[in-house]
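Notes follow once the structure below has been shown.
Within every chain, numbering begins at 1; the chains are lettered A, B, ... in the order of the sequence lines, protein sequences first and strands thereafter.
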Amino acid sequence: MSLLEKLNPEQLAAVTLPHASALILAGAGSGKTRVLTTRIAWLLATGQASPLSILGVTFTNKAAREMLTRLAALTPINLRGMWLGTFHGLCNRMLRMHHRDAGLPQLFQILDTQDQLALIKRMYRAHAIDDERYPPRELQWFIAGAKEEGRRPNAVEAGDDFTRRQVEHYALYEAMCQREGVVDFAELLLRCYELLTTHHGIRDHYRRRFSHLLVDEFQDTNALQYRWLRELAGPNSAMFAVGDDDQSIYAFRGANVANMQHFERDFARPDLPVRLIKLEQNYRSHGHILDAANALIKNNTTRLGKNLWTSEGHGELVRAFAAPSDLDEAAFIVDVVKGLVGEGLALDQVALLYRSNAQSRVFEHALFNAALPYRVYGGMRFFERAEIKHALAYLRLLAEPSDDGAFLRVVNFPPRGIGARTLEQLQDAARTQGTSLWQAACAGNAKGKAGTSLAAFVRLIEAAREATRSSPLSETVAHVIEASGLLAHYRQEKDGAERVENLEELVNAAQSFVREADLAVDAPIRVTDASGAMDGAAEPAANDGATEDVANEGATDPLTAFLAHAALEAGDTQAAEGRPALQLMTIHSAKGLEFHTVFITGLEEGLFPHENSFNDLEGIEEERRLMYVAVTRARRRLYLSLAKSRMLHGQVRYGISSRFVDEIPSGLVQWLSARDRRGAIDVDRAEWGSGAWAKPPSGVVGAPRATPPAPTWRIGQSVRHAKFGVGVIIDAEGRGSDARVQVNFRDAGVKWLALDYARLEAA
DNA sequence: AAATGTGGAATTTTT
DNA sequence: TTCCACATTT
């Protein structure tokens, strides 16, 4: 079968395992996604499964999308009706369908972390809770932790007064969420888990349906996710779990590697032991890089045990550089990158990794001055931006007026003269009458307050709802951002242009959301079997449970589906730029990616491994796994760098080299001196044809210089502008096509100029 | 309601 | 140092 061609023996064994649960230990770069998708394609091709009987679970939407794309290329079978998504997405879908049994309103809204914190603060105010003694963030963490252990307030053990109070706050929080019809991320999972444990009819329905469960990144599952999976796995289901204990780097947010150890015990059946397969052949990196990774990770004590190997050559040695200061470290990297660019390496094949986000500053500064294009990952995502959250809040009010969080967010934004005292009165009224703010506002209106600005707000929302009643989603969005005054507000704000663009982008996002949902859907598919055992409830196979609307993550109307989408998929950090750029990111966000060349920076004790992990062995071992992830991102070339001194919290700190550098055998490492900063030494000429190296170095066929001969601008430099004359650069911000400099012109005064448009010359 | 000041903290992050 | 949240001022 052509599906199975080119699989190595272990991959082949994994893909064609018989119907039993299996744990696939898939090392970095061992073809994990390939095995997962080929397994599904093979199950479909051999008729062992239909798309309806498969449940595929990932952690990120990106991973789910990638699996679906690759799967579609492997099989001619129509994949509609297959459940493939994130834990949260799948739970959302199930809860929408069984909202009644789950005790939720059909249009329940999903709180992201920001919304959740805002709700907690609101609760603190309503109940006069001391936010000094019980910081809101701590409660947020406490609640998430409890839910991830599957504990409701009554199940949390409270040994001390402080914890007892936190539990009380947790209970208040729950009551508030329930009243407002909102669920946080952890709640999606817990509610769904409880739905399955308390409604055996529903549970058995899904158990019968999903004969094959496949889970990606199994080492990242938390306790609740693990229990959810166990609940869904019926007596005849096969669980296919893929993961790598050596790449477990999310313990701090509840991931529990021990789930891998328990797997064999928990998923074995008397007659069917769990199959264990190790994928150790690496298709990504050259030998020296893998040797370094293997040697490093050997220092960890709790491992299932794995050793990566490659049939490719050894490749280059790992290069290391100890810079006198953080500035020199940045300068070193800039020099090396310039050399690589000169050799024709595409810049987006180079990654600059660091332990914590704050470290990017120095690099950004140096790269900006060197006019090297770069892209920083992390930071504000699209759906998290304030203007987008505002627009979404208006939309939420249209969908569900009793959403107090949404109400408060926009009732006076843009400012419309609804002050704090009005709102306090309103909140009092709502509290005493036990209604939502919206209802209280409407009631106030009825009492002859039609002239107030609050009444105007109510009319605004009602008019918008009326005007968009039968509009397509994107028109609803367009109408709302206009009618709410958001667009006008940002248009007149001096730095509002980007926000206006984002709001316009939201309309596009709505449009493509609808388009993609349409593509993914035919008619709703009936899946409930004839026995109709949707729980023993009196309801005749309730219409909210019997059909699965494959679109819109199970929601019934496009607006609610879009709002769920916005909460569950926060979107990209920033739009990708046109030209290739150096990739800057934390090691955590590099997981799953690969690059021709990787720089691992800041290799100093205290930074990496981070000092907060010094206390216990587990902490250090997680840091070491992080280092392992970093090393295994590199295909061909790996640089390690450290700074003997660096500016930290406003003070110079002198560091010593990270233990992780020492744990790499010295025979694999070539230390560089400041002299050979150019780093273009020992280039393996065999590499020139291999894709990553776009063109030969001589620039014969117009080698794409990632940096077109753009001049380098520095603060303090004198420049000339065609219209404004001569001046001095006094500040700079942004990067790539957003890069701007502030120039103090002799005659024209101080101005901000976009480098892409203002044709500045050195003067 | 915007502007300015002050104090405190400063891993990692997806959903 | 730099960023943020929050408080106070204007």
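- Residue A:Ser356 places its side chain closer to B:dT11 than to any other of B:dT15, B:dT11, B:dT13.
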Pairwise N/O distances under 3.5 Å, protein to nucleotides 1-7 of chain B:
| from | atom 1 | to | atom 2 | distance (Å) |
| --- | --- | --- | --- | --- |
| B:dA1 | OP1 | A:Asn412 | ND2 | 3.4 |

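- Here the separation of B:dT13 from C:dC4, taken at their P atoms, is 15 Å to the nearest Å.
- Using a 3.5 Å distance cut-off with no hydrogens or angles, the side chains of A:Glu400 and A:Gln109 do not pair a donor with an acceptor.
- At a cut-off of 3.5 Å, with distance as the only test, a side-chain donor of A:Gln116 or A:Tyr173 sits close to an acceptor on the other residue.
- In this structure, A:Phe185 places its CZ atom 8 Å from P of B:dT15, rounding to the nearest Å.
- Judged by a 6.0 Å distance limit and a 45° cone about the ring axis, A:Arg375 is positioned over the six-membered ring of A:Tyr377.
- Taking atom C1' in both C:dC6 and B:dT11, the straight-line distance is 24 Å, to the nearest Å.
- Distances from the side chain of A:Arg355 to the nucleotides B:dT11, B:dT13, B:dT14 place B:dT11 closest.
- A:Arg624 and A:Glu663 are joined by a salt bridge, as a carboxylate oxygen and a charged side-chain nitrogen come within less than 4.0 angstrom of each other.
- The nearest whole Å value for the distance from the CD atom in A:Glu384 to the P atom in B:dT13 is 12 Å.
- A side-chain donor from one of A:Glu329 and A:Ser641 sits under 3.5 Å from a side-chain acceptor of the other.
- With B:dT11, B:dT15, B:dT13 as the choices, the nucleotide that has an atom nearest any side-chain atom of A:Asn612 turns out to be B:dT11.
- Ion pairing between a basic and an acidic side chain is recognised when a charged N comes within 4.0 Å of a carboxylate O; A:Glu611 and A:Arg653 show such pairing.
- Taking 4.0 angstrom as the limit, A:Asn357 places none of its side-chain polar atoms (N or O) nearer than this to OP1 or OP2 of B:dT11.
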Nucleotide N/O of nucleotides 1-3 of chain C paired with protein N/O under 3.5 Å:
| from | atom 1 | to | atom 2 | distance (Å) |
| --- | --- | --- | --- | --- |
| C:dC3 | OP1 | A:Arg361 | NH1 | 2.9 |

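- With salt bridges taken as basic N to acidic carboxylate O contacts below 4.0 Å, one links A:Glu180 and A:Arg122.
- Residue A:Asn222 has no polar side-chain atom (N or O) positioned under 4.0 Å from OP1 or OP2 of B:dT15.
- The side chain of A:Glu623 lies closest to B:dT11 when the candidates are B:dT15, B:dT11, B:dT13.
- Checked for salt-bridge contact, A:Asp220 and A:Lys591 meet the test: a charged N lies under 4.0 Å from a carboxylate O.
- Using modelled atom types, one finds no donor on one side chain facing an acceptor on the other under 3.5 Å when comparing A:Gln425 with A:Thr422.
- Ion pair A:Arg253/A:Glu148 not flagged as a salt bridge, since none of the NZ, NE, NH1 or NH2 atoms sits closer than 4.0 Å to an Asp/Glu carboxylate oxygen.
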Heavy-atom contacts, protein to nucleotides 5-10 of chain C, under 4.0 Å, summarised as B (base), S (sugar-phosphate only) or - (none) per nt, yield -S----
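- Nucleotide B:dT11 forms a pair with no other nucleotide shown, judged by Watson-Crick or G-U wobble geometry with both contacts under 3.5 Å.
- In this entry the distance linking CZ of A:Phe614 with P of B:dT11 reads 14 Å, nearest Å.
- With B:dT13, B:dT12, B:dT15 as the candidates, the nucleotide lying closest to the side chain of A:Tyr250 is B:dT13.
- For B:dT15, the base is not stacked against the aromatic ring of A:His88, per a cut-off of 5.5 Å between centres and 30° between planes.
- Per the geometry, CG belonging to A:Leu117 stands 18 Å off P belonging to B:dT13, to the nearest Å.
- Between A:Asp328 and A:Lys644 there is no salt bridge, since no side-chain N of the basic residue sits under 4.0 Å from a carboxylate O of the acidic one.
- The residues A:Asp184 and A:Lys147 are annotated as salt-bridged, a charged nitrogen and a carboxylate oxygen being separated by less than 4.0 angstrom.
- Against the 90° criterion about 0, the sugar-base torsion of B:dT4 places it in the anti range.
- Electrostatic pairing of A:Glu622 and A:Arg625 counts as a salt bridge here, judged by a charged N lying under 4.0 Å from a carboxylate O.
- Rounded to an integer number of Å, the gap from A:Met585 CE to B:dT13 P is 11 Å.
- Relative to the ring axis of A:Tyr170, A:Arg152 does not place its NZ or CZ within 45° and under 6.0 Å from the centre.
- Put simply, A:Phe59 does not rest on the base of B:dT14: the two rings are not both less than 5.5 Å apart at their centres and under 30° in tilt.
- For the pair A:Asp115 CG and B:dT15 P, the computed distance is 16 Å after rounding to whole Å.
- As a whole-Å value, the separation of A:Leu190 CG from B:dT15 C1' is 15 Å.
- At the phosphate of B:dT14, neither OP1 nor OP2 sits under 4.0 Å from any side-chain N or O atom of A:Thr113.
- Base pairing analysis places C:dA5 opposite B:dT6; the two distances defining the Watson-Crick or G-U wobble pair are each below 3.5 Å.
- One interatomic measurement links the two molecules: CD of A:Glu132 to P of B:dG8, which rounds to 10 Å at whole-angstrom precision.
- Regarding contacts with the backbone of B:dT13, every side-chain N or O of A:Arg381 stays at 4.0 angstrom or more from both OP1 and OP2.
- Place A:Asp112 and A:Ser613 on DNA chain B by their nearest nucleotides, and A:Ser613 ends up nearer the 5' end.
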